[in-house]
Amino acid sequence: MTDKPVVLVANRGEIAMRIIAAARRIGASPVLAASTADADSPAARAADRVIVIGAAPANQSYLRPEQVAQAAVHAGAAVVHPGYGFLSEQPKLCELLEEEGIAFAGPRPETLRAVGDKGSAREVAIAAGVPVAAGVEIADVSNVVHLGEQIGYPLLIKAIHGGGGRGIRLVTNPEELQTLAPQAAAEAEAAFGNGALYVERYYGKARHVEVQVFGDGFGRAWIFGDRDCSVQRRHQKLIEECPAPNLTDARRKVLHDSSRALVEALKYRGAGTVEFLVDTETEDVVFLEVNARIQVEHPVTEEAFGVDLVAAQLRLALGQDPELPEVGPVPPAAVIELRINAEDPEADFMPNSGTISKLSWPRGPGIRIDTQIEEGYKFPPYYDSLMAKLIVRAHNRDAAVAAIRQAARNTTIEGLKTTLSMHDFVLSHPDFIAGAVPTSWFGPTWEARKENNA
Amino acid sequence: MTDKPVVLVANRGEIAMRIIAAARRIGASPVLAASTADADSPAARAADRVIVIGAAPANQSYLRPEQVAQAAVHAGAAVVHPGYGFLSEQPKLCELLEEEGIAFAGPRPETLRAVGDKGSAREVAIAAGVPVAAGVEIADVSNVVHLGEQIGYPLLIKAIHGGGGRGIRLVTNPEELQTLAPQAAAEAEAAFGNGALYVERYYGKARHVEVQVFGDGFGRAWIFGDRDCSVQRRHQKLIEECPAPNLTDARRKVLHDSSRALVEALKYRGAGTVEFLVDTETEDVVFLEVNARIQVEHPVTEEAFGVDLVAAQLRLALGQDPELPEVGPVPPAAVIELRINAEDPEADFMPNSGTISKLSWPRGPGIRIDTQIEEGYKFPPYYDSLMAKLIVRAHNRDAAVAAIRQAARNTTIEGLKTTLSMHDFVLSHPDFIAGAVPTSWFGPTWEARKENNA
Amino acid sequence: MAEQPSWQDLLDLVAQLNESNFESAAVSYGNISVTLSNSDTFVGGAAAPVAVAPVAAALAAGTPVLTPAAAAAPAAPATPAGETIDAPMIGVFYRRPSPGADAFAQPGDRVEADTTIGIIEIMKLMNPIAAGKAGVLGEFLAQDAQAVEFGTPLVIIDTNA
Amino acid sequence: MAEQPSWQDLLDLVAQLNESNFESAAVSYGNISVTLSNSDTFVGGAAAPVAVAPVAAALAAGTPVLTPAAAAAPAAPATPAGETIDAPMIGVFYRRPSPGADAFAQPGDRVEADTTIGIIEIMKLMNPIAAGKAGVLGEFLAQDAQAVEFGTPLVIIDTNA
């Protein structure tokens with residue numbers, strides 16, 4: 001036994017590698033809680049010890065709070081880091097650990113509950129003075145036209161207890177509203193056991209901009225700038241960058257100040273993200289949600305500001321100073337991240353698995369690779385398709401775009417289909433190069449490319 | 001054949017890997033000119049092609065300008081990058097390439113000559129208004145006492161045409177000066193074929209601070225801050241950092257302004273370094289020399305300012321915009337580099353070679369590894385002992401010191417002796433942590449440690 | 001593949017390789033694979049020996065009750081010969097319903113698929129563990145009150161007896 | 001694949017390899033593979049194929065006259081059998097003192113150690129190349145005016161003839 005604190009890594013893939021690296025940075029001993037499919041993964045080899053918590057399917061392993069908590073007890077863990085996805089925003093894991101006196105590298109359970117539901121998150125945001133989309137709950141689905149007048153068109157009908165885009169309807173006029181509201185209520189009732197709906201202003205050409213926050217749990221807030229994540233396909237982020245390009249000082253101030261107010265109001269603990277829509281047709285900026293975890297795209301912020309957010313999470317959870325600096329609103333660098341997924345962009349982004357037969361990464365200053373894959377690694381079919389994140393930092397956005405385009409071209413991954421070719425298309429596109437595309441940009445642009453080539 | 005320009009990499013080891021990465025970043029094709037010992041090295045595998053230029057001993061391969069030039073012709077190279085050491089500051093290679101219409105990624109031959117000799121470098125510096133140590137040539141070795149009065153004690157007697165520390169004598173009073181001057185003249189005559197000497201003010205507790213410069217060859221100068229390289233053993237740098245700690249704004253301005261003046265005066269082309277002594281006992285700052293090449297420690301500057309100096313060298317040599325930003329005098333980060341050498345610090349830093357049996361690097365934000373070694377690599381006995389450079393960036397110096405200390409502890413290199421334990425000693429020492437040790441600090445401090453442990 | 005080599009064939013091969021001069025060897029035949037090394041730096045066919053390393057480290061670090069992770073992987077060499085009943089979840093394995101009580105089952109007992117052979121406690125929840133197959137129990141591989149992982153072999157079972 | 005080797009065939013192969021002098025061996029046949037090593041630097045058979053890759057790339061990129069780097073390394077497979085006279089420097093190899101002149105030497109010629117067999121030009125300097133050993137010349141491996149590297153075999157020589 002050593003007297004190093006043990007960090008239980010309750011995740012897999014690249015974020016497991018990342019947490020292991022952070023554990024080593026703070027002098028802790030990383031132990032991996034893995035499914036049988038990952039018991040011999042690169043992350044397993046990088047950890048000091050591996051505890052098999054269940055079978056390959058995530059719902060028999062990574063999604064089981066009691067199994068993860070049991071592994072933490074077995075490991076003698078001082079802290080559990082849940083990564084993103086899986087149990088990262090589940091109050092249950094946090095509570096089980098609290099009972100065992102083990103720290104959770106994330107917000108308190110009550111924070112997770114407060115921001116975990118769209119309705120309550122919106123209330124929290126409003127209370128903290130964060131701008132939200134004009135919206136109102138539907139009291140009576142047969143009497144909705146006055147709500148449309150109040151909010152303006154186009155608008156969205158959303159299920160209050162919904163998620164994943166289900167039950168959402170786009171409405172452009174009063175007749176549609178009258179017809180679609182009862183349908184949406186029935187669908188929400190069927191899908192979520194609750195037919196409650198609200199209507200909300202719809203922004204068809206908005207950007208997705210988010211603010212990286214960190215709280216000490218007692219009301220102190222750090223703001224680490226913003227990220228633009230507008231290159232999305234079906235709400236899945238493909239490319240992220242820090243800082244968000246072409247953002248006026250005034251808008252940036254609204255985003256940062258609101259996020260700070262929210263962290264302070266929640267006495268938020270650890271790393272989190274406040275997501276916003278930034279409209280490109282009006283001056284509107286509206287709150288979307290709080291992601292109460294470290295995010296996939298955290299490296300662009302780390303590289304832009306020169307900080308280690310995951311190490312800060314672990315330090316805070318261990319009762320230490322998170323060792324984070326106060327920084328200005330705009331970082332001294334421009335950073336872009338590509339998500340390289342095991343998907344075939346020529347076949348509707350169909351995921352695929354297989355053995356990595358050849359792998360070669362670009363090298364050089366400002367290039368960072370967060371990944372779990374290596375030559376010979378069998379990319380498993382059980383989990384999400386993220387293979388690697390390629391992150392490049394440069395002195396301004398133009399240089400960063402040029403550098404990451406070349407870095408992507410200097411990346412070789414053989415053995416399965418990847419999204420690298422799609423990235424080359426985006427990084428070479430004048431709209432992306434100009435900066436600040438809306439979230440609605442990628443889908444039709446990518447489809448049009450195929451038509452143009454046909 | 002492709003229409004990519006070919007970059008001939010006329011070096012080996014980590015800097016060969018670094019140049020290959022830069023070539024790929026600018027979309028060029030890297031070809032390695034290697035000795036037989038390196039024909040199957042990691043750099044050889046990373047290059048598009050390898051040309052064997054001679055036998056393992058450097059004086060039969062890497063030190064032969066005509067063989068390197070011939071390889072450039074064979075390769076159809078557009079540019080040759082000489083790295084550091086070897087032929088990097090030899091006008092001959094540059095001239096041979098000029099005859100063939102091949103670019104040299106370095107200064108013009110006349111610049112190499114102007115700064116290659118101590119005496120002429122000093123003249124150039126004085127002409128550009130760069131502060132130099134009080135010094136004067138000895139006209140008559142039997143009549144020197146008045147020179148001592150003029151300059152002050154302690155002083156150094158130096159051979160004008162010397163190098164490598166030979167022929168240098170420390171003098172503390174007039175009697176010593178009178179005795180030692182004729183001896184030094186005889187030794188210089190024997191060693192360099194020329195007995196010319198000069199005397200110069202000696203600074204016993206000075207720091208080594210250098211300025212990273214870049215010139216477009218037509219008088220435009222970029223200044224990329226400063227580096228402190230004062231942790232040295234027998235004039236060999238062990239640890240470098242950017243920015244130099246505890247430097248007043250006034251001193252920093254003197255260093256940067258003088259370096260800029262020198263670049264403008266020389267119409268300097270490409271990357272270079274202006275080295276200074278910064279005294280800790282007086283306010284004196286004096287010019288040491290110009291290193292007309294990329295230096296081993298260039299990564300600390302790259303990471304601090306977010307630039308790629310090697311790519312900039314290649315772009316400039318190819319007639320392109322070097323794509324470098326104008327930056328402020330102090331970078332927005334603190335960066336430290338450790339040189340990990342294949343030397344045994346417990347045995348007077350004796351170099352050793354052998355097979356790397358196990359290798360594991362730290363990972364995480366702000367960590368950069370420049371190296372050619374990998375597991376199974378046979379570290380050859382023919383060349384210098386530099387195995388790897390571990391570079392860590394953080395938001396301030398305290399964080400950088402803590403982060404690189406932990407990164408060094410998370411580095412595993414087995415199979416031969418390395419200087420990692422020495423680095424842990426330095427990084428844990430209160431003097432280093434406080435910052436700004438003089439160059440005379442390491443030697444006695446390291447020796448005292450051994451005595452304390454005995 | 002015409003016929004699978006028997007377990008004995010495999011042991012013979014290991015014996016043969018053990019007498020050989022090879023620093024390392026990796027042999028695979030159908031879904032059988034053997035990877036051996038005399039060297040602690042073996043990185044060819046990396047999977048098996050490397051995976052064992054952290055386990056060895058964990059054991060050396062004084063965590064004897066936890067069955068090593070790699071042992072749970074199908075092809076790992078530490079898996080005992082013969083059929084076993086394996087832990088269906090991570091937790092603490094108990095052979096008795098309460099301290100001092102009789103064990104649920106003993107070596108030599110005949111069990112059916114639904115016979116309880118022990119309990120796994122996970123976060124204070126007690127989960128009875130059924131044999132899952134009929135046969136005669138052999139040696140218990142997991143001790144009473146031992147921390148087990150998913151796949152840790154609990155007890156040998158002879159399904160032909 | 002016509003027929004799978006039997007387990008016995010595999011054992012025979014291992015035994016045969018054990019008696020051989022190979023530093024390392026990797027044999028695969030269908031889904032059967034055998035990897036063996038005597039070397040402490042064995043890294044999964046990775047070294048050899050990786051090292052060959054840039055050479056293949058260079059050839060594919062259309063640089064036929066230049067002998068590949070790996071071929072110049074002592075153990076590379078492309079080195080012709082028998083003794084050769086190798087280039088002592090990088091440069092351009094000429095078999096004649098000037099265009100149209102007779103070659104310095106022809107296959108079948110008997111040469112002494114100091115007989116000039118060609119010239120290597122390096123940056124406009126002409127360097128006569130002596131045979132370096134006595135014997136009878138065989139086939140020229142380097143063409144007239146071919147770019148050669150240090151160690152490129154120029155011509156076969158039979159020193160026993």
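Residue numbers begin at 1 in each chain, while the letters A, B, ... track the order of the sequences.
- In this structure, the portions of B:P325 lying under 4.5 Å from any heavy atom of chain A include both its backbone and its side chain.
- Looking at B:V335, neither its backbone nor its side chain comes within 4.5 Å of chain A, counting heavy atoms on both sides.
- For the atom pair CD (A:E323) and NE2 (B:H395), the distance works out to 7.5 Å, reported to the nearest 0.5 Å.
- Only the side chain of B:N410 comes within less than 4.5 Å of a heavy atom of chain A; its backbone N, CA, C and O stay farther away.
- Both the backbone and the side chain of B:R24 come within contact range of chain A, each with at least one heavy atom under 4.5 Å from a heavy atom of that chain.
- To the nearest 0.5 Å, atoms CZ (A:R363) and CZ (B:R25) are separated by 13.0 Å.
- Counting non-hydrogen atoms of neighbouring residues, nucleotides and ligands closer than 6.0 angstrom, the CG atom of B:D249 reaches no more than 12 such neighbours.
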For residues 365-373 of chain B, which side-chain N or O atoms pair as donor and acceptor with protein atoms under 3.5 Å away, sequence neighbours left out?
| unit_1 | atom_1 | unit_2 | atom_2 | d |
| --- | --- | --- | --- | --- |
| B:R368 | NE | B:D370 | OD1 | 2.9 |
| B:R368 | NH1 | B:E302 | OE1 | 2.9 |
| B:R368 | NH1 | B:E303 | OE2 | 2.9 |
| B:R368 | NH2 | B:E302 | OE1 | 3.0 |
| B:R368 | NH2 | B:D370 | OD2 | 2.9 |
| B:T371 | OG1 | B:I373 | N | 3.1 |
| B:T371 | OG1 | B:M387 | O | 2.6 |
| B:Q372 | OE1 | B:E14 | N | 3.3 |

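- Taking both residues in full, the closest heavy atoms of B:Q406 and A:G27 are given as NE2-CA, 3.7 Å, listed atom of the first, atom of the second, then distance.
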